[in-house]
Amino acid sequence: MGKKGIWTRNSLMDLNDDGLWGFLRERGVSEDGISQMQADKIDAFAIQDIDDASLACYIPLYGDRIATRRYCMDKQKRKENEPLRMSLLDKLRKRMRTGATSHGETSEPGASSLGLRRSTTKNAVKNTRKIELGWIHEGKQVRKRCGGGTRVLDVNKTATKMDLLSLAKELFFPNGKSKKGNWEDLIHNVYDFKECELDDHTDVGELYELSKFGMLRFYLHTAVQPQEADTDKEDDSALSDTPTEQDTQSALSDTPTEQDAQSALSDTPTEQDIQISVIHFENSSGYEFVDLRSLSPMSDPEVFFGPGEGTPSEGQLYDTIPLVLNIDSPVTSTFLHPPDDITTSVPLASTPLPVPMYEIQSFNSETPSMRITLHRANLFDEMIIQFKDPSILDYPLNYSMVNERGRDEDGVARDVYTAFWNEFLDRAAEGAELRIPSLSPRWQEDEWKAVGRILAKGWMDQGYFPLRLAPAFTTALLFGEHAVSMKTLFESFRMYLSQSERDVIDMALNEDLDGESQDELLDILDRLGVKIVPKRENLKAVLLQAAHKQMIQEPKYALDNMAAVAAKCLKTTINTPEQLEAMYTDKNPTCRKVLKLIEAHPVSAAEKQAFKFFQQYIRGLHDTGLRKLLRFITGSDIISVSKIEVLFTNVAGLSRRPVAHTCGAVLELPFTYNSYPELRIEMEAVLSSNYLQMDIM
């Protein structure tokens, strides 16, 4: 038996270890066999070298012998690895003791038994600490390109507020000057990491002890001198009749009590009683006026809200405050309180009215319109923000674009809805020719309901509907998923797939696939979450299940929230799934439909020739080109108008180009084209520029 007569300390320990004997008892080995092994000193160490025939005398069953050998091998490996683990622990303890000694630590009585030493940190014996120093001017952090940024410095732990102020002056105001002004012309202060004013007597070391941060941040805080701000306000009030903030605050201090408000509201005020209410956006540079006299029966009722005219400031992007307009009901004592950052002046009226008041009374039967000013570059996000207000569906909307001169006579509105949905389908939807919304963690209930309101408002006001939304999805949105037919679901699913995937699916439904095509089909099914390999006979049923999962189940959260606000409005004109399908067909542009829309009255031979060139150009357009042409002429990339009028102009040379008026769906077409390629080149240049701007009043 080789090593049977050689006994080590480990093997002797095994005789007193019940692990092997317990294992054998669990396996059902008889007590006689175990007793005989103990008597013959057959332990875990010896079992590794004993032959199978000899081991069978003690353990009769072959499976028990294999399990016993495996148990002994594992046990031996654990014993061999234990010294290695112990050596690693010894090395770790030694390194910890060495590190503690290098930092000048002394052992404590309680730690001597563990061989560990507690340390004081290196920062505790240093005289300096690192800090971060930034600059805040007029409430906004100054960036690096403007002379600000975050600086990392070593300062003495005894440095106080005045020391930090001196450092900040050297860094941000070299020679006492900066882009924000001279040092002497500004108010200076030092703020801590919480942007609170730093105490004069607290030093950096004390702040580190209190905060326990690894690195503290401080800010130089500067602001314009108060007298300069007052001078600016006086200059502004000298240039206009707009009340200053001081006047507004004094007016608010005279706000009548609730009892006065009730008595004032007991009688319906006359037109002379209501004059002008001014809303001042403190965090923007513009003022907006609501002239309540314009709501008289003799004038056009229109209430404007949003940023002021001209180029907006950075803070104006989201400062639009929706006004709640109550037109039909009498004036009541219920008022909406404005946000804290808005001040409202007292109306200049003989009858006292409670202030602030956001409920506006009109004395005619017409509904006022809301004017919404948008930035074309940020239109998508701004539309979502505006349509989070549920009351926006109750009023006509009048859109305008910042730095664009176009007036909204339906053309700008169509352009706004088209731009929004094109960006939505590119940014927040997935699919090929037809798409469905894609869920995003940053979009919750409010955002999806806002999208539903945009869908409903675009259809109600302008007859615009995003035809690239899959009909299966929109049918479920309006009438519920039970109303989606198998045909609609499958066709929507086909157009949701890419052209190459569509070709493979169609081929698989009609014929048996070869090896390469079979692999492509399996890849498509795997991407769609199909876990089986279907046969040609049941392939369509499997695809319908995948289509339902992809088109209905996955966007269910978006579908439910959009339907909650849009379904009722849309079903006033689209009553059945068949009508929805007919709407998709009627609104989808084709060459024949677009040519039928065009009305022209050419007189001269040149005009007739130019009109023929234009008709030839339309016949050569595909779906994408037709949508671009309609977007250029009408503001909408679907058929949203009953006709397109073509007028002929005598323009030549560099100034020659087609001009569109989207509000009236009018195209000004020069009749000076000598050949069809000349017209095609200029039309392609206009339509392929991807730059739209309403620059004609």
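Here the structure is a predicted model, which is why all the values come from computation and not from measurement.
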If you take all heavy atoms of Leu679 and Ala610, which pair is closest and at what distance?
CD1-O, 4.0 Å
Shortest non-hydrogen contact from Val484 to Ala476?
CG2-N, 3.8 Å
Can you run down the side-chain hydrogen bond (donor to acceptor under 3.5 Å, both in side chains) pairs that involve residues 443-454, sequence neighbours left out, and say none if there aren't any?
Lys388-Glu447, Glu445-Lys449
Could you work out, with side-chain contact (heavy atoms from CB on, under 4.5 Å) as the rule, every residue matching Leu522, not counting sequence neighbours?
Gln518, Val533
Test: Arg414 and Asp637 ion pair at under 4.0 Å
no
Minimal non-hydrogen separation, Ile574 against Phe479, with atom names:
O-CZ, 3.6 Å
Can you check whether Gly635's main-chain N or O pairs, donor with acceptor, with Thr418's side chain at less than 3.5 Å?
yes
Does NZ or CZ of Lys457 lie under 6.0 Å from the centre of the six-membered ring of Phe387, at an angle within 45° of the ring axis?
no
Residue pairs meeting side-chain hydrogen bond (donor to acceptor under 3.5 Å, both in side chains), one or both in residues 565-574, sequence neighbours left out, come to Trp459-Thr573
Taking only residues two or more places apart in sequence or in another chain, which ones pass ring-ring contact (aromatic ring centres under 6.0 Å, His included) with Tyr584?
Phe465
Kindly state each residue pair satisfying side-chain hydrogen bond (donor to acceptor under 3.5 Å, both in side chains) with at least one member in residues 587-599, sequence neighbours excluded.
none
Can you pull out every side-chain hydrogen bond (donor to acceptor under 3.5 Å, both in side chains) where at least one residue sits in residues 522-534? Sequence neighbours excluded, please.
Glu501-Arg527
Minimal heavy-atom distance between Val416 and Leu379, with the atoms involved, is O-CD2, 3.9 Å
